[in-house]
2 protein chains.
Amino acid sequence: MAKNQTNSSDVHLAGIGVDLHLELAGTRLRAGLTDALREAVRSGRLAPGTRLPASRTLATDLGIARSTVTECYSELVAEGWFTAQQGSGTRVAQLAAPLRAESGGAKTGTPARRSTQGLALGAADFAEFPRLAWLAAARRALATAPPDAFGYGDPRGRLELRTALSDYLARVRGVRADPERIVICAGFHNGLGLIARALKSRGARSIAVEAYGLGLYRDLLREAGLDIPPLTVDEQGARTDELERLDVDAVLLTPAHQFPTGHALSPDRRAAVRDWARITGGLILEDDYDGEFRYDRKPVGALQGLDPEHVVYFGTTSKSLAPALRVGWMVVPERILADVLIAKGSVEVVSVLEQLTLAEFISSGAFDRHVRSRRQSYRRRRDQLVTAVAQSSLDIRVTGMAAGLQAVLELPPGSEGRVLEDAARKGLLVSGLSAFRHESLGQDDSTRDALVVNYSALSDSAWEGALRELCSVLPSRPEEAR
Amino acid sequence: MAKNQTNSSDVHLAGIGVDLHLELAGTRLRAGLTDALREAVRSGRLAPGTRLPASRTLATDLGIARSTVTECYSELVAEGWFTAQQGSGTRVAQLAAPLRAESGGAKTGTPARRSTQGLALGAADFAEFPRLAWLAAARRALATAPPDAFGYGDPRGRLELRTALSDYLARVRGVRADPERIVICAGFHNGLGLIARALKSRGARSIAVEAYGLGLYRDLLREAGLDIPPLTVDEQGARTDELERLDVDAVLLTPAHQFPTGHALSPDRRAAVRDWARITGGLILEDDYDGEFRYDRKPVGALQGLDPEHVVYFGTTSKSLAPALRVGWMVVPERILADVLIAKGSVEVVSVLEQLTLAEFISSGAFDRHVRSRRQSYRRRRDQLVTAVAQSSLDIRVTGMAAGLQAVLELPPGSEGRVLEDAARKGLLVSGLSAFRHESLGQDDSTRDALVVNYSALSDSAWEGALRELCSVLPSRPEEAR
């Protein structure tokens with residue numbers, strides 16, 4: 001993997017297509033490796049979600065002790081640059097906005113440059129959080145909360161929030177959600193973990209996932225001991241017809257807006273998955289992460305509305321309001337509700353005060369107003385992106401629906417890696433589609449070179465600069481688009 | 001276990017010492033059992049934390065199908081009356097304040113009586129939450145939060161909060177806590193789960209626990225795959241000298257105020273556990289759940305201050321502010337920090353906005369003011385309890401330190417069950433010491449009959465009534481105190 005093993009070397013990490021300049025001199029060996037990797041993340045050369053080589057492999061390639069690599073990885077995990085989960089190795093943290101930037105006197109490493117533009121998925125500047133409206137809701141919630149609201153809470157979540165969500169989800173997403181069947185969780189990742197445990201306790205062994213999606217969720221399901229065969233993803237969404245030949249207990253889908261490729265599940269495919277669930281008794285996990293955001297027409301209703309007894313519906317505030325709230329919800333079929341509550345256990349993890357505030361925020365109409373305003377802003381950004389890309393390159397097209405908080409830019413075959421490198425060199429954080437590919441798919445699927453551009457996470461002023469930078473790194477002439 | 005098996009019967013659940021009147025007629029069999037158990041919880045006859053008989057056992061005893069019992073348990077879990085965790089059976093929910101009370105039109109069962117007085121552990125009326133001061137902190141926190149505060153958050157927790165806690169814990173509890181070594185969690189239960197996973201990943205197999213404590217935590221450790229041998233508890237706290245003969249990797253202690261018996265770990269025992277940790281490399285888990293509340297003299301500093309490299313220090317807002325916040329913290333030795341962060345994973349579960357608000361609440365001094373005011377109030381209640389008990393009974397003494405949010409009333413041997421029944425009949429929710437006993441201890445340890453009285457969870461007016469009711473059920477004459 002390494003080109004050479006001298007003390008100062010340019011090392012090519014073949015598995016992840018990254019060149020690192022490493023100073024591996026003498027006693028500074030571990031520090032040198034740590035610094036180089038940290039710098040690679042900070043500069044964007046190592047993209048969020050990238051899986052690092054196994055410590056044994058890297059140690060062999062560099063001709064150094066494995067413990068040196070292990071210690072280096074541990075340190076970067078402790079600092080928040082890497083994440084490591086049992087059984088799935090070490091990855092670059094999804095939250096790639098450099099974590100040390102906020103900590104001021106970081107004890108190691110150089111401070112992150114704030115000039116880095118966040119167009120990557122998971123970028124986390126939310127300049128537009130409705131601070132005043134949220135505070136007003138908190139004030140009303142605190143003023144009216146009964147004394148028992150300050151206790152440990154109902155493990156299902158606070159009834160006020162479940163009632164507000166029941167109304168909201170029925171109205172906006174066509175979800176049939178009795179408050180008794182809503183379970184509050186600390187975001188989608190937390191909720192998916194609960195469902196995975198409930199499924200395991202019922203004897204489930206496998207769950208189909210979309211061939212493109214967040215590796216973080218695949219890791220979670222794998223760690224829960226589930227097999228996760230992939231469903232092909234095309235312009236009609238996931239190939240749910242493939243479920244017939246897979247012997248799976250459940251399927252995880254993003255029907256309203258496939259993440260990240262951006263297509264809606266076609267009516268035929270919706271029918272196919274519904275039929276599959278009815279015939280086999282399988283469970284559909286519907287991740288409705290950005291269902292409120294569709295710009296060309298009214299959003300298609302949630303799959304759950306078609307068959308509440310076979311669908312677990314998931315929603316969160318992470319796209320509509322801010323990830324910082326760490327609140328999500330699940331609408332759970334009657335038949336697995338008890339198992340989900342067992343998985344959640346008797347101790348609530350989601351702040352009760354925040355649940356009450358969100359309930360008030362929703363029922364007062366503030367949530368609708370905020371979503372409407374955000375929808376206008378994101379639609380405008382998407383239009384600007386489409387226009388700017390069309391003007392700067394003949395080879396690139398924006399694919400997927402006019403919806404959501406991110407868009408996909410299809411690139412000429414083979415060009416994704418180089419575009420990402422050019423972007424990183426300019427301090428532009430952006431995601432490549434390959435980072436979302438299911439691990440069981442080969443690297444030869446080169447027709448899907450693309451960028452996934454998150455246009456939601458920047459202030460208006462930063463957005464314009466980032467868009468210009470983005471266009472400047474797109475291949476604009478045929479000879480560059482080999 | 002059952003006295004008889006007719007359709008309408010008084011059933012004695014021997015394992016848990018409770019008599020149930022069951023209507024088990026015809027098709028209403030399952031509903032009858034469900035209603036009877038629900039009513040038993042509601043009335044206090046089945047105390048929080050009580051472990052229910054295995055479904056197979058109960059079914060055999062009642063002469064009914066096991067599936068009927070299973071369905072009944074599932075329904076009560078779904079309704080929140082029972083909790084069930086894999087591997088540890090079904091228990092009455094710790095949060096015994098009836099969950100259905102808030103849900104208005106409950107679909108089954110009778111609404112809970114609000115007249116039930118909450119002196120039980122886990123009772124959850126927090127009339128004194130500092131609503132205005134909290135809201136003011138939220139306003140300041142929201143006004144000054146940078147845009148990236150609305151993102152997914154640093155998995156260690158927000159730096160503002162870790163910094164505020166670092167100062168606070170050093171000042172108030174003598175904890176040596178660099179912000180880099182503080183990890184925010186969603187309360188003690190959540191934090192203990194993270195440590196258990198980290199210990200397991202390091203090869204740990206067993207952790208000693210105090211012979212009296214919350215079964216919920218023992219369950220958690222057992223489910224994590226750890227053995228949990230008990231340490232004897234006496235008037236000097238846990239017998240840490242017993243660690244020598246136990247081959248354990250760690251020990252979970254409540255050194256400042258043994259929970260629930262109420263004694264402080266004596267200086268000799270503190271030295272013994274510290275020496276054990278240094279010699280064996282073992283880890284001390286210090287649950288400092290109510291360290292701020294000592295009434296007779298200045299609180300003894302945390303064990304962690306003696307040896308930060310061998311102690312994981314845990315604190316939460318659950319006693320000092322309110323459980324509703326679901327925020328806790330751990331101060332973690334350097335050597336296991338990376339493993340704890342791996343266990344926590346890259347996705348934060350604790351609301352970032354709440355972390356910022358708490359940071360502001362602490363650093364502004366509002367937290368100190370609130371704790372001071374609560375301390376005065378709890379000290380007064382404890383004094384009232386001691387006086388009232390002394391006046392009403394010669395046989396009962398309040399044991400343990402003048403500290404914390406609960407007190408222990410030692411009862412004449414063999415009288416605990418009857419006192420609890422009398423209390424339940426009057427609608428008084430109070431805990432028996434036996435509910436906290438380690439499962440491996442025999443039921444013959446009859447010298448420890450006692451009540452654990454939580455005097456923190458009621459409004460001032462409700463407190464006076466509850467105290468009167470409590471005194472009225474205490475055995476007052478020798479002939480009653482068999």
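What you see is a predicted model, and the numbers here were worked out from it, not measured in a lab. Convention: sequence-line order gives letters A, B, ...; per-chain numbering from 1.
Proximity to chain B involves both the backbone and the side chain of A/Ala145, based on heavy atoms less than 4.5 angstrom apart. Only the backbone of A/Val350 comes within less than 4.5 Å of a heavy atom in chain B; its side chain stays farther off. In this structure, chain A has no heavy atom under 4.5 Å from any part of B/Pro179.
Annotation: the span from B/His370 atom NE2 to B/Phe129 atom CZ amounts to 7.5 Å, rounded to 0.5 Å. Here CD of B/Glu160 is found 11.0 Å from OG1 of B/Thr357. Values are rounded to the nearest 0.5 Å. We find the CZ-CZ distance between B/Arg162 and B/Arg181 to be 13.0 Å, quoted to the nearest 0.5 Å.
A salt bridge between A/Glu354 and B/Arg326 is absent, with no side-chain N of the basic residue lying under 4.0 Å from a carboxylate O of the acidic one.
For the set B/Thr163, B/Val340, B/Leu132, B/Val349, the count of heavy-atom pairs under 4.5 angstrom toward chain A peaks at B/Val349.
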